[in-house]
Amino acid sequence: MTQSVVVQVGQCGNQVGCRFWDLALREHAHVNKRGLYDEALNSFFRNVDSRYVKPAFLQLFIDAVLVDMEEGVVNQILQGPLREVFDSTQLLTDVSGSGNNWAVGNMTYGSAYREKIVDKLRKAAEQCDCLQCFFLIHSMGGGTGSGLGTRVLSLLEEEFPEVCRVVTSIYPSGEDDVITSPYNSVLAMNKLTEHADCVLLVENQSLVDIVNKIKVMSHGTKPGLNIKRNSAVTSGQEGLSGAEKPFDAMNNIVANLLLNITSSARFEGSLNMDLNEITMNLVPFPRLHYLVPSLTPLYTLADINVPTRRLDQMFSDAFSKDHQLIQADPKHSLYLACALMVRGNVQVSDVRRNIERLRPSLPFVSWNQEGWKTSLCSVPPVGHSHSLLALANNTCVKPTFMELRERFTKLYRKKAHLHHYLHVEGMEQSFFSEAIASLNSLIEEYHHLDATKARLTPDAPRLSIAR
């Protein structure tokens, strides 16, 4: 059985990570009624009870490293209901924060804490019998998540070059209240393009839209449309602060994404997918490793009491723009490859039937018309019969990158706020020009692929073989 280590960096990364562990433990408790330390738990948890049997999971430690240059979120985790599953020796905090400055996070704190970070990463790796993947969770708009997060990513490649690096990156919206977020995001993207094996793109605005839809449904007039207390869309942590925090519902959607992408590693299935197979099958070119996730049913996120979506409708939803975690419509762009990670009592024949049904409406590159990867995990989300996570390598990411470039250029043309970065030791203006050049090159690569879409011709009819 392989293991993975989660690295949570910055406020957003730690909040999303904490919610992921909460939901993961609920899933394992639901499946593992006797509370035995089994192979499923071994994938992301380590046992510290030598008896190997315990009625509850209080003797588990999670395989994670928590890093933040402010103490608030990590301290809150250590005071919360999950405090006993976090190894205190695997936490690293400071008090002053990065001031929404990529250079402070990457250069100042990255240099000051380099040895401590490497030590904690090595310790986490040594606890694993067969380390397969590092999951890095961070945001792009602030200073610690973008700056120190990408510094940690480069250290992972340096120290563990053979271990897969999967990054979940939360991108800021155009109305972000951090005025320097375009600088931070573009500087961080340069490092993501260089050091990550694959990046799961999530946009704040898409999360806001999804949460708003759920709220509309929960306040609708139809009977039964209500959100349950402690559901997957609420924090489940009212005891800490007395009220749900503004970003809890958004963080929970990302946590559910991680819950689904790790399901094959944590549970049995008829067609499980190793985490390193994601990059092997979905990343045909090393720089074009940005994947667009979509979740369905979204009702799962809210535990809204509505009838379960029909299986075929669930597959259709996964390719609609309303279910994407970035603001994009993949059907109107070009697919390089696509993975379908299904949970629940679903047969391979169901997946194949739906792929054939949807194939005519989904434009794939000419050289990878069969670019599908499927995974079947037999354990569904708690309280539901099935769910689907789609991961698409699709040129629909280009508008997101172009919008980010435009916001960056507006600031950089005036050299606004640049002095805050250039005052940081080790930071040079050439880093900005290199970062925007990398982004321009990435956009151009997607543009060239998009240009081939017009030349696509429908598949020739397949020869039927009589039996």
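Computed from heavy atoms alone, side chains included, the values below leave out hydrogens, waters and symmetry copies. Given the structure is predicted, the values throughout are model-derived calculations rather than measurements.
Remark: Thr395 engages Asp450 in a side-chain hydrogen bond (donor to acceptor under 3.5 Å, both in side chains) (not counting sequence neighbours). Listed by chain and number, the residues in a side-chain hydrogen bond (donor to acceptor under 3.5 Å, both in side chains) with Thr193 are Tyr290 (sequence neighbours excluded). Taking the salt bridge (Lys or Arg N to Asp or Glu O under 4.0 Å) definition, one finds that Glu159 meets it with Arg122, sequence neighbours left out. Remark: Asp329 pairs with no residue by the salt bridge (Lys or Arg N to Asp or Glu O under 4.0 Å) rule, at least two apart or across chains. Evaluation of the side-chain hydrogen bond (donor to acceptor under 3.5 Å, both in side chains) rule for Arg266 yields Glu27, His28, Thr262 as partners, not counting sequence neighbours.
The only option from Leu207, Val16, Ile170 that meets the side chain to side chain contact (heavy atoms under 4.5 Å, CB included) definition with Met250 turns out to be Leu207. Of the listed residues (Ile62, Asp63, Ile137, Val65), just one forms a side chain to side chain contact (heavy atoms under 4.5 Å, CB included) with Val6, and that residue is Ile137.
Atom NZ of Lys116 has 12 or fewer neighbouring heavy atoms from other residues, nucleotides or ligands inside a 6.0 Å radius. No more than 12 heavy-atom neighbours from other residues, nucleotides or ligands sit within 6.0 angstrom of NZ on Lys321.
Distance alone, capped at 3.5 Å, places no donor-acceptor pair between the Thr168 side chain and the Leu200 backbone. A donor-acceptor pair under 3.5 Å links the side-chain atoms of Gln90 to the main chain of Lys120, judged by distance alone. With hydrogens and angles disregarded, no donor-acceptor distance shorter than 3.5 Å links the side chain of Asn204 to the backbone of Pro172.
For Thr89 and Asp87, the side-chain atoms include at least one donor-acceptor pair closer than 3.5 Å. A donor-acceptor contact under 3.5 angstrom links the side chains of Asp317 and Gln313, judged on distance only. Using a 3.5 Å distance cut-off with no hydrogens or angles, the side chains of Asp209 and Gln205 do pair a donor with an acceptor. Neither side chain, Arg352 nor Thr374, offers a donor N or O lying under 3.5 Å from an acceptor on the other.
Salt-bridge formation is not detected for the pair Asp119/Lys123: no Lys NZ or Arg NE/NH1/NH2 atom is positioned less than 4.0 Å from an Asp or Glu carboxylate oxygen. Comment: Arg353 engages Asp312 in a salt bridge, judged by a side-chain N to carboxylate O separation of less than 4.0 angstrom.
Glu70 CD to Asn14 CG: the interatomic distance, rounded to the nearest 0.5 Å, is 11.0 Å. In this structure, CG on Leu388 lies 10.0 Å from CE on Met341, to the nearest 0.5 angstrom. Here Arg359 contributes atom CZ and Gln369 contributes atom CD; the two are 7.5 Å apart, rounded to the nearest 0.5 Å. The line from OG of Ser264 to CE of Met273 is 6.5 Å long, rounded to the nearest 0.5 Å. Note: Ser438 OG to Met189 CE = 7.0 Å, rounded to the nearest 0.5 Å. Interatomic distance, CZ of Arg165 versus CD of Glu157, reported as 4.5 Å (0.5 Å rounding).
The aromatic rings of Phe134 and Phe160 lie tilted to each other, with the angle between the two planes from 30° to 60°. Ring orientation note: the planes of Phe135 and Phe44 are tilted relative to one another, at an angle of 30° to 60°. In this pair, Phe319 and Trp372 present their aromatic rings perpendicular. The plane angle is above 60°, beyond the 30 to 60° band.
Legend: side-chain hydrogen bond (donor to acceptor under 3.5 Å, both in side chains) pairs involving residues 126-136, not counting sequence neighbours, sorted by first then second residue: Thr2-Gln132.
At a threshold of 4.5 Å between non-hydrogen side-chain atoms, the residues Cys12 and His138 do not count as touching.
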